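Single-structure report; data block below.
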Amino acid sequence: MSQTKEMEQKWIAKWENAHLFEADPDSKREKKLVTFPYPYMNGPLHVGHTFTASRVDAYARFKRMQGYNVLWPWGWHWTGQPLLGASQRVARGDQAYIRVLREVDGVPEEELNKFVDPLYMAQYYTSEGRLAAKSVGFSVDWRRDFTTVLPTYQKFIEWQYKNLKEKGFVTRGTHPVVWCPKDQSPTGDHDRQSGEGVTPEEYTLIKYRLDDQSVLPAATFRPETVYGLTNIWINPDATYVEAIVNGENWVISQEAAEKLKEQERKIEVKRNFKGKELIGKTFENPVTKLKFPILPGWFVDPKTATGVVYSVPAHAPYDWLALRDLQQKPETLSQFGIDSEMVKAIQPISIITVEGFGDHPAVEIVDKMKIKDQNDPAADQATKELYKKEFHSGILKANCGQYAGKTIREAKDLLISDFRKSGLTDSMYDLSEPVFCRCMTQCIVKILSDQWFLNYSDPKWKELAKQVVDQMNIYPDSAKPWFNTVIDWLREWACARTTGFGTPLPWGKGWIIETLSDSTLYMAFYTINKHIKQNSIKPESLTPEVFDYIFLGKGNQNQVSADSGIHSDLLEEMRKEFLYWYPFDLRNSAKELVPNHLSFCIFHHAALFPPELWPRAIGVNGMLMVEGQGMHKSKGNFITLKGAVEKYGADATRCALLLGAEGMDDPDWRAENVTDLKTKFEALMGFAGNIISSDQIAENTALERWLTSRMQCRIKEVTSSLDELKTRTALQTALFETWNDLRWYIQRKGNCNTKALVEAVKDWLKMLAPFAPFLCEELWSRTGEDGFISVANWPLFDDSKVDAASEEQENLITDIMADTNNILKAMKITPTRICYYTPASWKWDLYLKILEKTLTGEVKINELMKEFAANKDLKPHMKEVANMVPRVIKALTKVSGIRKSNMQKIRIINEQFILEESLLFLKNRFNAEIDVYSEDDADRFDPKRRASMAMPYQPAIYVE
RNA sequence: GCAGGGGUCGCCGAGCAUGGUCAAAGGCGUAGGCUUCAGGAGCCUAUCCUGUAGAGGUUCGUGGGUUCGAAUCCCACCCCCUGCACCA
């Protein structure tokens, strides 16, 4: 076992033995409840989970050190289909998948066989996941964890849904889904062989009248073009049917009739026939009452929608191309006995004015793009371009009835509902691309009836949800408007499905509450699950009345106790524990969950809990990338939490992730960076270890004051960053910037070890402890301090320790070194001797005067000069004064406001003394003799007469 | 398409709400030096261009604009990432 691993195991064991992260109510301390969406257990935890959870852990550890009673609970999501699907793939002997389990997930051979049982599989990953989460040092209270198939949890979900229904947030209706006819179940993206991301689309069917008995329902996304109709296209070779659809005689493709059977239609097919039977007949446009011909169109796909297409050649490139083809081929028409002159006479009918085009945009775009025929791929592009343009800027012309003058955008929805009401149209769903189920069956659209929805459309509910958002913090701030738009956009959410693991809908036979809908309020369940587990409370005892009492304070405690069999005291304890911890103070997740899980969580809290129990804060972070790419098992760049910790150690894994990004930016996991960080931590171990283990002397020079002062600045920054969940900034400051300060102090001080340095290192370790807990515990234990650093007091910013004077002294040194280096670089020499000249005292008068002016307002050179001329100390130097004033003004523009006001408070610094004290340091730095003179020292060595250049905060320099 | 977030000096990334203190933090990488020397690590210096004196020049996706002054404000355009529903 490596040293790192040994150390990690040691501290995990110590924490566990001390029950350090097990949190119980404590009325003397303020609480923080922090959470992370429980991971789905169809695979191992990976570095993506680790990133999001590390942010929660850093925050939890930080708050714990600040003295809060912090609870971080964890759970395991088993609800849904993928777990079943995965298990079935193992059962089927899917070798590709089994290989992934073996090689990527690292599942041992003897376990693999047992994965035919999906519950076993979930249990395996859960146990592994718990070990992995512990190994990376997450400070979780494991007494409260659960899986979502536990009967006790399901009782909680039943209670939640019972309440939602009673409050009217659950509705019933129909819903179109992608459906596998063989499996008899909806086909989600995960269940598909092909056609990922394809969703049902609703077509408008315009019911053209074929004759007195029958209609030809033509499918379209642009029903407004009904005014520009010139003909209908039917595929002469496809099979069509005459069918009674809900009592009406329809002529549609055979495939369409099959599809409509699944879309809540009663269908009776009367007869089959070839499309050519229809060619040449006429029909009536129900909107305009005009008659038009049916023409042959081989491009018409009977598998798409109804297999009946109407033609608008003025505005649809495909229609124009098909018409033009026919007009040029009279022999084709004669096969169907159609008068070719009649077809030639068909003119596109213009109905839309659109910017940049004339009357017949489709004709124009076909000409412009030189599209040859219907098979030209450019036709598709032309169609998209024109549709987009017409939709956004097109205006309907006078021949469009009551919709004339409206933009398409305005008219569309209105027109659809008008036509629908007057019975001119109907609708059907279809898929834009073929979708195949994993069982290789082609999917269709099915309309599910009796579907249960969470009615996120309800304006009152939306309003409540917005109030929740309004009263809480969202990190980063920029995510807040996103939540509000999501709340506006969410519609009814089908909250139950027919297959998969989960809680059965309490009132609906055969329905199971789906996975995004059973995970919205469970943070409340953590607060009492400890008691449920410890007291082995039976699921049947967990009646709705019990939860009503615990969460809502409803009912009589003794009565509830008597009815449920749960001891009255225990009931009360649970109620108290819930009220102690709730609401949660932080929930952090990746940004992909904003439009669903996190928003649902907000909705459900709004619906079920009173405002004082609404969420306090939500954090959102980016999606982890691996070497610049999205992480996927199939890409071979999948990195498990377990694997990362084994290879790099827990501290490096956590910190590499947290240094990657904050806010909504996506962090990038780069193996090289993690390795670097691992070695950096080894170095840190040596660096800090040396300091804390050697003897210390008490000193209080400007350098010690400088170090203590800098530490205050770092403490302030790390603390405020962590408070806003800016974990990257916080870690960067705590790790690198602070380290740089310590290094600088050591360099300046030489080899001696002071108490101030040790104190600084202790504070440093505390600031690092939320990020790299193992390393910090280890070093902390060597400082001689008692107890765990995990619960040590967070360093407090102390304004009285901020020492502007010593900081300015150090600035003098760093500035003069930078200037010297600049000179050396320009001269391209290695120096043997460097002389510094500090300014004459009258220059300080002048400098401070100008400083005062820049702080109080405008600086006017004329007035300054007059003032200086009247000063008897300055009068003898007026020539130099005239020279200096512009230089000082310019130098001061480069100084920050804070530093300027510090300088004003400090007044004169003794540059002579500071430089002489640093002589040895500078000598070693430049490897040259260093001399310090005052400008007015008559005996100074100054061959190039540089001394007169000296200014306060900028001694003159001479090098040779 | 709609919505949200972005494009900064080799790379990763701060800065942008409150314009000047920005050639622009920090990390990584690279180069030189020191130390150690089995390997590694550590420490220092440099790292847009120019410069024999602490300076000057040109930069912050592209093109305009506002201003004494813009990485930061306004307008247009280009490119990238994320989500868009029964799926976790």
Side-chain angles (χ1 to χ4, degrees), chain A residues 37 39-40 42 77 79-83 175-178 186-192 196-197 199 384 387-388 391-392 448 451 453 456 476-479 481-483 485-486 488-498 500 514-517 519 590-597 620 622-623 625 628 630 659-668 670 672-673 676-677 679-680 682-683 686-687 728-729 732-733 735-737 740 743 746-747 815-829 892-900 924-925 927 944 946 949 954 956-959:
Chain A
Y40 188 70
N42 65 339
H77 208 187
T79 308
Q81 183 64 33
L83 203 43
H175 186 64
V177 293
V178 179
T187 313
D189 267 355
H190 294 276
D191 309 324
R192 293 180 196 175
E196 231 178 280
T199 55
K384 278 186 183 140
Y387 280 20
K388 194 169 130 188
F391 180 74
H392 287 101
L448 293 178
Q451 177 63 261
F453 296 94
Y456 297 131
D477 241 8
S478 56
W482 192 9
F483 276 99
T485 49
V486 167
D488 279 333
W489 282 36
L490 276 172
R491 311 193 301 268
E492 288 83 358
W493 183 271
C495 63
R497 58 174 301 165
T498 49
E514 65 85 40
T515 166
L516 279 167
S517 300
S519 53
K591 62 185 172 190
E592 58 173 355
L593 297 189
V594 170
N596 44 62
H597 166 72
V620 179
M623 305 274 296
M625 311 289 274
L659 283 172
E662 65 191 9
M664 283 195 275
D665 295 337
D666 301 332
D668 191 9
R670 296 188 180 229
E672 204 188 335
N673 290 357
D676 287 338
L677 203 57
T679 50
K680 230 170 191 41
E682 281 160 14
F687 177 86
R728 188 191 131 92
T729 303
Q732 169 152 304
T733 308
L735 180 58
F736 298 117
E737 315 246 2
N740 285 344
R743 275 198 197 104
I746 290 166
Q747 276 178 50
D815 287 352
I816 206 173
M817 284 171 60
D819 280 351
T820 309
N821 275 320
N822 197 347
I823 292 167
L824 293 174
K825 197 180 146 205
M827 290 181 70
K828 298 188 175 61
I829 61 163
L892 282 172
T893 59
K894 293 202 169 184
V895 177
S896 74
I898 303 160
R899 263 189 79 189
K900 277 196 256 191
N924 289 335
R925 260 311 153 94
N927 197 23
K944 286 234 169 138
R946 290 264 155 218
M949 298 279 288
Q954 196 181 44
I957 303 170
Y958 167 76
V959 297

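Everything numeric in this text was worked out from a predicted model, so none of it was measured.
- Across all strands, A/Asp665 comes closer than 4.0 Å only to sugar-phosphate atoms, never to a base (heavy-atom distances).
- Considering only side-chain atoms of A/Met827, the nucleotide from B/rA3, B/rA88, B/rU52 that sits closest is B/rU52.
- Of the candidates B/rA25, B/rG4, B/rA53, the closest approach to any side-chain atom of A/Glu737 belongs to B/rA25.
- Distances shown here put a side-chain N or O of A/Lys828 below 4.0 Å from the OP1 or OP2 atom of B/rU52.
- In this structure a side-chain-to-backbone donor-acceptor pair under 3.5 Å is present from A/Tyr40 to A/Leu83.
- The interatomic distance linking A/Leu677 (CG) with B/rG13 (P) rounds to 16 Å, in whole Å.
- With rounding to whole Å, A/Leu448 atom CG is found 16 Å from B/rA85 atom P.
- Distance check on atom P: B/rA76 versus B/rC81 gives 23 Å, rounded to whole Å.
- Searching all strands for a Watson-Crick or G-U wobble partner of B/rG51 with both distances below 3.5 Å returns nothing.
- In the model, A/Ser517 has a side-chain atom that pairs as donor or acceptor with a side-chain atom of A/Glu514 under 3.5 Å.
- Here A/Arg670 contributes atom CZ and A/Met625 contributes atom CE; the two are 9.5 Å apart, rounded to the nearest 0.5 Å.
- The NZ atom of A/Lys825 sits 14.0 Å away from the OG1 atom of A/Thr820 when rounded to the nearest 0.5 Å.
- Spacing of P atoms, B/rU18 relative to B/rG1, comes out at 31 Å, to the nearest Å.
- Using a 4.0 Å heavy-atom cutoff across all strands shown, A/Tyr958 reaches at least one base atom of the nucleic acid.
- Between A/Leu659 and A/Leu677, some side-chain heavy-atom pair lies under the 4.5 Å cut-off.
- Across the strands present, B/rA88 finds no partner; the criterion is a Watson-Crick or G-U wobble pair with both atom distances under 3.5 angstrom.
- Sequence order on RNA chain B of the closest nucleotides to A/Leu516 and A/Leu490 puts A/Leu490 first from the 5' end.
- B/rA46 and B/rA24 have their P atoms separated by 13 Å, with the value rounded to a whole Å.
- Contacts of A/Thr199 with the nucleic acid, taken as non-hydrogen atoms under 4.0 Å apart, involve only primed sugar atoms and P, OP1 or OP2.
- When both distances must be under 3.5 Å, the Watson-Crick or G-U wobble mate of B/rG69 does not exist.
- Within the structure, every side-chain polar atom (N or O) of A/Arg670 is placed at least 4.0 Å from both OP1 and OP2 of B/rC12.
- Using a 4.0 Å heavy-atom distance criterion, A/Val178 is classed as making no nucleic acid contact.
- Partner assigned to B/rC77 is B/rG61, using Watson-Crick or G-U wobble distances below 3.5 angstrom.
- With B/rA85, B/rA53, B/rG54 as the candidates, the nucleotide lying closest to the side chain of A/Gln954 is B/rG54.
- In this structure, A/Asn740 reaches the B/rG27 phosphate: one of its side-chain N or O atoms is under 4.0 Å from OP1 or OP2.
- For B/rA55, the O4'-C1' to base torsion is more than 90° from 0; the nucleotide is therefore anti.
- At a threshold of 4.0 angstrom between heavy atoms, the contacts of A/Thr679 with the nucleic acid are absent.
- Residue-level contact check: A/Thr498 touches neither bases nor backbone, having no heavy atom under 4.0 Å from any strand.
- Between A/Arg192 atom CZ and B/rA85 atom C1' the separation is 11 Å, expressed in whole Å.
- Remark: the separation of the C1' atoms in B/rA53 and B/rC44 is 23 Å, to the nearest Å.
- Nucleotides B/rG5 and B/rG57 are separated by 38 Å at their P atoms, to the nearest Å.
- A gap of 47 Å separates the P atoms of B/rG64 and B/rC43, to the nearest Å.
- In this structure, the separation between CD1 on A/Ile746 and CZ on A/Phe687 is 3.5 Å, given to the nearest 0.5 Å.
- Applying the 3.5 Å distance criterion, the base of B/rG54 shares no donor-acceptor pair with the side chain of A/Asn822.
- From A/Arg946, atom CZ reaches atom CD1 of A/Ile823 across 7.5 Å, with rounding to the nearest 0.5 Å.
- Between the CD1 atom of A/Ile898 and the C1' atom of B/rG20 there is a distance of 15 Å, rounded to whole Å.
- Separating the CG atom of A/Asp676 from the P atom of B/rA41 is a distance of 9 Å, rounded to the nearest angstrom.
- As rounded to the nearest Å, B/rG61 and B/rA71 have P atoms that lie 10 Å from one another.
- Across all strands shown, B/rG19 forms no Watson-Crick or G-U wobble pair with both distances under 3.5 Å.
- Look at A/Lys825 and you won't find any side-chain N or O under 4.0 angstrom from OP1 or OP2 of B/rU52.
- Residues A/Ile816 and A/Ala683 each lie close to RNA chain B; by heavy-atom proximity, the contact nearer the 5' end of the strand is made by A/Ala683.
- Atom-to-atom, CZ of A/Arg743 to P of B/rG26 comes out at 12 Å; the value is rounded to the nearest Å.
- Atom C1' of nucleotide B/rA46 and atom CG of A/Leu824 are separated by 13 Å, given to the nearest angstrom.
- Atom NE2 of residue A/His597 and atom NE2 of residue A/His77 lie 9.0 Å apart, to the nearest 0.5 angstrom.
- Look at B/rU82: its Watson-Crick or wobble partner, with both distances under 3.5 angstrom, is B/rA3.
- Proximity note for A/Asp666 (side chain, C-beta onward) versus B/rA46, B/rC81, B/rG5: the nearest is B/rC81.
- Checking B/rG26, B/rA88, B/rG4 against the side-chain heavy atoms of A/Trp482 singles out B/rG4 as nearest.
- In this structure, A/Ala590 reaches neither bases nor backbone, as no heavy-atom distance under 4.0 Å exists between it and the strands shown.
- Salt bridge A/Arg728/A/Asp665: absent, no basic N to carboxylate O contact under 4.0 Å.
- Counting any heavy atom pair closer than 4.0 Å across all strands shown, A/Thr820 reaches no nucleic acid atom.
- The pairing partner recorded for B/rU30 is B/rA46, the criterion being a Watson-Crick or G-U wobble arrangement whose two distances lie under 3.5 angstrom.
- Between A/Ile957 atom CD1 and A/Ile816 atom CD1 the span is 5.0 Å, to the nearest 0.5 Å.
- On the P atoms, B/rU72 is 13 Å away from B/rU59, given to the nearest whole Å.
- Remark: the A/Gln81 side chain and the B/rA88 base include no donor-acceptor N/O pair separated by less than 3.5 Å.
- Residue contacts for A/Arg491: at a heavy-atom cut-off of 4.0 Å it reaches a base atom on one of the strands shown.
- Among the atoms of the strands shown, none is found under 4.0 Å from any heavy atom of A/Met625.
- The CE-P distance, from A/Met817 to B/rA46, rounds to 8 Å in whole Å.
- Here the side chain of A/Met664 is nearest to one of B/rA88, B/rA53, B/rG4, namely B/rG4.
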